[in-house]
Amino acid sequence: MGLRIYNTLTRQKEPFDPLTPGQVKMYVCGPTVYDLCHIGNARSVVVFDVVARYLRQRGYQVTYVRNFTDVDDKIINRANRMKMTPDALANRYIDEFYTDMDTLNVERATLEPRATDHIDQMCRFIERLIEKNLAYEVDGDVYFAVENFRDYGKLSGRRLDDMAAGARVDVDKRKRNPFDFSLWKSAKPGEPSWESPWGRGRPGWHIECSVMSSELLGETFDIHGGGKDLIFPHHENEIAQSEGATGRTFARYWMHNGYVNINREKMSKSLGNFTFTRDLLARYHPETLRLFLLSNQYRSPIDFSDQNLAQAEIGLEKVYALLKRIDDVLRPVPRPEKISTGEYFGRFCKAMDDDFNTARGIGILFDGVRHANKWMDNARESLSPETVSLLQTVRNDMLKMGEILGILTILPALFFEQKRSRSLAAVEIDADRIDQLVRQRTKARAEKDWDAADRIRDQLDEMGVTVEDRPGGAVWKVSRNKIDTEQA
RNA sequence: GGCGGCAUAGCCAAGUGGUAAGGCAGCGGUCUGCAAAACCGCUAUUCUCCGGUUCGAAUCCGGAUGCCGCCUCCA
C-alpha cells in the first residue's frame with residue numbers, strides 16, 4: 001500500500017496521489033516574524049520538515065514553499081515599542097528563526113517568500129475578487145464577502161448561521177457580515193503602507209498565502225499545511241479567496257499538526273505559558289528536541305515537560321551508544337561498496353506511509369537497537385560474516401531513518417564528546433582531575449586492590465561521575481542525576 | 001451556545017474488527033572482583049464507564065463521565 005495522508009478537508013486518511021505524477025507541491029504557513037519562536041512553533045516546522053524529507057525519500061520531486069509573514073499588527077506594535085522599523089524587526093526575527101531552525105537541523109524550504117515582496121500581486125488578486133463580487137471596498141478598506149462564497153466553512157466544518165450565534169466578533173458596521181475579513185487595510189499614520197487601487201494601505205493576513213501559493217505553485221497544488229489553530233479562520237479564508245477567485249480546487253490535501261501542550265493546556269504566546277526554542281536548545285541536544293517533537297503522531301497533542309524531554313534524551317543516547325558500539329566492532333571490517341536497506345527501514349517506511357507515523361517509526365528504530373545489541377552480545381569473541389552483514393545493514397537502516405527524522409546526523413564519538421563538554425560545563429567538573437582519578441583506579445584494579453578502586457569510584461560518584469569498565473578500558477561520563485540537580 | 005478531538009500499564013506512547021509495538025521507571029537473572037553498560041525474563045487476562053452490532057471489538061454504533069481545542073491574534 002502506498003502513502004496515505006489524513007486530509008482535514010475530508011476528515012479521513014486518503015491515498016496520496018499528487019496532481020503531477022512524481023512531483024509534490026506543498027505550501028506551509030510559516031512564522032509571523034515579531035518574536036523568537038517557541039517550541040510549539042518549532043513543532044510545526046519540524047513536522048513539515050520531516051514530511052518533505054520523507055516525500056523526497058519516497059522519490060518525489062518536492063517543491064516546498066514556506067512563507068514569512070513580515071507585515072502585520074503584531075510586528076508594527078512591537079517595532080514601535082522597540083523603536084525600530086517594522087522592516088528591521090522582521091529582518092531581525094527572520095535571522096533568529098534561521099538561527100534556531102538551523103540548529104534544529106531543519107532544511108530550508110525550496111522557496112521562502114516574504115509577504116512584502118508580493119504586494120502588487122496581492123492587489124491584482126483582490127481586484128479579481130472585487131470583479132467577481134466576492135469583495136467590496138469601504139473607505140479604502142477591502143473586505144471579503146463570505147456570504148457570496150458558497151463553500152465558506154467547508155474546511156472547519158462550520159456554517160455561518162451557527163457561528164453567528166455565540167461568536168464574539170467585532171461589530172464593524174461597515175462589514176456586510178461580521179465574518180467578512182480584511183483583504184486590504186487603509187494606512188494609519190506611522191504604519192508601513194503601499195500604493196493600491198484603494199489608496200495607501202497594507203494587505204490583510206490571509207491574502208498573502210493565497211497569492212504566494214498560486215504564484216509559486218499554481219492555482220491548484222497538493223499539500224497545504226500548518227498548525228491546527230490555522231484551520232479557522234486562516235485556512236478557511238484562504239480557500240474562500242483562492243477558490244473564489246479561480247473557481248478551482250485550491251489545496252488538495254490539508255494537513256494540520258497538533259499543539260505542544262504544557263500542563264495539558266495549549267502553549268501559546270497569548271497564554272504566556274510558552275518556552276522559547278532557544279532556551280531549550282541551551283539545555284538539550286537539538287536532536288533530543290527533534291526526537292521529542294516526533295515521538296507523538298503529528299496530529300496528536302504532545303505534552304511538554306522536562307520529564308518527557310529527559311526521556312527523549314536518554315533514548316537518543318541509547319541509539320548513539322549502539323551506533324558507536326557497531327562502529328567499534330566493525331572498525332576492522334572493510335566497508336562494503338553498497339549496502340541495501342533491510343527489515344527495519346522497510347518497517348519504518350510502512351509506518352511513515354501511514355500518515356507520517358513517526359511515533360511508530362521511532363519504536364521500530366528502538367527495536368533495531370535492541371536486536372543489534374543482542375547480536376553483538378551473542379557474538380562475543382568473533383563475528384560471523386552473517387552478523388557483520390546484519391550489523392552493516394541495521395546501521396545503514398538506522399542512519400536512513402535518521403536522515404528522515406533529522407537525527408543521528410553526527411558521528412557517535414562526536415555526539416558523546418559534545419555531550420560530555422555540555423555536561424561538564426553544566427556541573428563545573430574538571431576533566432583532567434577525573435582522568436587522573438580514573439587512571440589511579442585502573443592501576444588499583446590491575447593490582448587487584450579492590451578497596452582502593454572502589455574508594456575512588458565512590459569519590460567519582462560523589463562528584464557526579466560514573467565509570468564503566470569496558471573491554472577496551474575504563475570510560476566515564478557525567479551522571480544524569482548530577483546534571484538534573486545542578487540545573488534545578 | 002455551535003463545531004471538533006482525546007481517554008491504552010507507575011509515566012510517555014503505537015495500535016481503526018482477529019486477540020495489547022516501542023521507550024522511561026521498577027523488580028529478578030546473565031555478564032562483572034563488585035559495579036556500570038548491554039542482553040534476557042517479569043510488570044495492562046485488558047484498553048474511562050454502561051449498553052449494542054459481530055463467530056470475534058481497544059478498534060464499529062449509541063449513551064454517560066472526564067479532559068482538551070476551535071469559534072478572537074496564534075504553529
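Labels below follow one simple rule: chain letters A, B, ... track the order of the sequence lines, proteins then strands, and each chain is numbered from 1.
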Asks: Taking a pair as Watson-Crick or G-U wobble with both distances under 3.5 Å, which nucleotide is matched to B:C55?
Replies: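 Pairing partner, where one exists within any strand: B:G18.
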
Asks: Who is the Watson-Crick or G-U wobble partner of B:C67, with both distances under 3.5 Å?
Replies: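 Per the H-bond distance test, B:G5.
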
Asks: Is a donor-acceptor contact shorter than 3.5 angstrom present between the side chain of A:R159 and the base of B:C3?
Replies: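 Not at all, since no donor on one side and acceptor on the other fall under 3.5 Å apart.
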
Asks: In whole Å, what separates the C1' atom of B:C60 from that of B:U54?
Replies: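 So the two C1' atoms sit 10 Å from each other.
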
Asks: What I want to check is whether the side chains of A:Y284 and A:D306 have a donor and an acceptor closer together than 3.5 Å.
Replies: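 Yes, because at least one side-chain N or O of A:Y284 sits under 3.5 Å from a partner of the opposite role on A:D306.
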
Asks: Does A:F366 stack onto the base of B:G22, taking stacking as ring centres under 5.5 Å apart and planes under 30° apart?
Replies: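 Here A:F366 fails the 5.5 Å or the 30° condition.
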
Asks: Sort out the partner of B:C24 for me: Watson-Crick or G-U wobble, both distances under 3.5 Å, none otherwise.
Replies: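 Its partner is B:G10.
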
Asks: Show, in sequence, the C-alpha distance, side-chain angles and deciding distance for A:Y93 and A:Y34, and conclude whether the ring-ring contact (aromatic ring centres under 6.0 Å, His included) test is met.
Replies: CA-CA 6 Å; A:Y93 283 110; A:Y34 72 106; 7.7 Å; no

Asks: Would you mind classifying the nucleic acid contact of A:N296 as base, sugar-phosphate or nothing, using non-hydrogen atoms under 4.0 angstrom?
Replies: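 Sugar-phosphate, backbone atoms only, no base.
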
Asks: Quiz question: by atom type and distance under 3.5 Å, do the side chains of A:H256 and A:T8 form a donor-acceptor pair?
Replies: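 The criterion, which ignores hydrogens and geometry beyond distance, is satisfied for A:T8 and A:H256.
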
Asks: Using the C1' atom as the reference point in each nucleotide, state the distance between B:G52 and B:C40 in Å, no decimals.
Replies: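 Straight-line distance between the two C1' atoms is 44 Å.
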
Asks: In terms of side-chain heavy atoms, does A:N357 have a donor or acceptor partner in A:Q297 at a distance below 3.5 Å?
Replies: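 Per modelled atom types, A:N357 and A:Q297 side chains form no pair under 3.5 Å.
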
Asks: C1' atom, B:U48 versus B:C67: distance in rounded Å?
Replies: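 The answer is 11 Å between these two C1' atoms.
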
Asks: Pick base, sugar-phosphate or nothing for A:H256, based on heavy-atom distances below 4.0 Å to the nucleic acid.
Replies: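 Nothing: the residue A:H256, judged by heavy atoms under 4.0 Å, touches no strand.
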
Asks: OP1 or OP2 of B:A37 less than 4.0 angstrom from a side-chain nitrogen or oxygen of A:K324, does that happen here?
Replies: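 No, A:K324 has no side-chain N/O under 4.0 Å of OP1/OP2 on B:A37.
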
Asks: Could you give the NZ-to-P distance, from A:K448 to B:C34, as a whole number of Å?
Replies: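 Roughly 11 Å, once rounded to whole Å.
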
Asks: With nearest nucleotides of RNA chain B determined for A:R264 and A:Y34 from heavy-atom distances, which residue corresponds to the more 5′ nucleotide?
Replies: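 Mapping each residue to its closest nucleotide by heavy atoms, the 5'-most match is A:R264.
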
Asks: Scan every strand shown for a Watson-Crick or G-U wobble partner of B:U46, both distances under 3.5 Å, and answer none if you come up empty.
Replies: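 Pairing partner, where one exists within any strand: none, as none qualifies.
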
Asks: Quick one: is B:C40 close enough that its OP1 or OP2 comes under 4.0 Å of any side-chain N or O from A:K374?
Replies: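 Indeed, a polar side-chain atom of A:K374 lies that close.
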
Asks: Would you mind reading off the distance between A:D303 atom CG and B:A7 atom C1', rounded to a whole angstrom?
Replies: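 Atom CG in A:D303 sits about 14 Å away from atom C1' in B:A7.
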
Asks: Output yes when at least one side-chain N/O atom of A:N357 is less than 4.0 Å from OP1 or OP2 of B:A14, else no.
Replies: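 The answer is no; no side-chain N or O of A:N357 sits under 4.0 Å from OP1 or OP2.
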
Asks: Is a donor-acceptor contact shorter than 3.5 angstrom present between the side chain of A:D454 and the base of B:G33?
Replies: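 Side chain to base: pair present.
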
Asks: Counting just side-chain N and O atoms, does A:R347 come under 4.0 Å of either OP1 or OP2 of B:A21?
Replies: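 Checking B:A21 against A:R347, no side-chain N or O comes under 4.0 Å of OP1 or OP2.
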
Asks: With sugar-phosphate meaning primed atoms plus P, OP1 and OP2, does A:V260 contact a base, only sugar-phosphate, or nothing at under 4.0 Å between heavy atoms?
Replies: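 Base contact - A:V260 has a heavy atom under 4.0 Å of at least one base atom.
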
Asks: Please state whether the phosphate of B:C70, meaning OP1 or OP2, lies under 4.0 angstrom from any side-chain nitrogen or oxygen of A:K266.
Replies: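 The answer is yes; a side-chain N or O of A:K266 sits under 4.0 Å from OP1 or OP2.
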
Asks: Taking any strand in view, what nucleotide pairs with B:U72 in a Watson-Crick or G-U wobble way, both distances under 3.5 Å?
Replies: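 Per the H-bond distance test, none.
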
Asks: Look at the side chain of A:N373 against the base of B:C40 and say whether a donor-acceptor pair falls under 3.5 Å; ignore hydrogens and angles.
Replies: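 For A:N373, whose side chain was compared with the base of B:C40, there is no donor-acceptor pair (under 3.5 Å).
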
Asks: With a 4.0 Å cut-off on heavy atoms, is A:D367 in touch with a base, just the backbone sugar-phosphate, or nothing at all?
Replies: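 Since only primed, P, OP1 and OP2 atoms lie under 4.0 Å of A:D367, the category is sugar-phosphate.
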
Asks: Is there a donor-acceptor pair under 3.5 Å between the side chain of A:D222 and the backbone N or O of A:A251?
Replies: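 Here the side-chain-to-backbone pair does not exist.
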
Asks: Is the A:F48-A:Y27 ring centre distance short of 6.0 angstrom?
Replies: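 No, they do not, as the ring centres are separated by 6.0 Å or more.
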
Asks: Under 3.5 Å, is there any donor-acceptor pair linking the side chain of A:R360 to the base of B:A21?
Replies: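 No such pair is found, so the answer is no.
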
Asks: Is A:R174 salt-bridged to A:D141, cutoff N-O under 4.0 Å?
Replies: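 Result for this pair is yes, salt bridge flagged.
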
Asks: Contact class for A:G157 vs. all strands (heavy atom < 4.0 Å): base, sugar-phosphate, or nothing?
Replies: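 Counting heavy atoms under 4.0 Å across all strands, the contact made by A:G157 is with sugar-phosphate only.
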
Asks: With a 3.5 angstrom cut-off on both distances, give the Watson-Crick or G-U wobble partner of B:U32, or none if there isn't one.
Replies: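 Its partner: none found.
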
Asks: Is A:R299 side chain donor-acceptor paired with the B:G5 base, going by distance under 3.5 Å alone?
Replies: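 By the distance-only test, no, there is no pair.
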
Asks: Please determine whether a side-chain nitrogen or oxygen atom of A:R470 lies at a distance below 4.0 Å from atom OP1 or OP2 of B:U32.
Replies: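 Looking at the OP1 and OP2 atoms of B:U32, neither is under 4.0 Å from any side-chain N or O of A:R470.
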
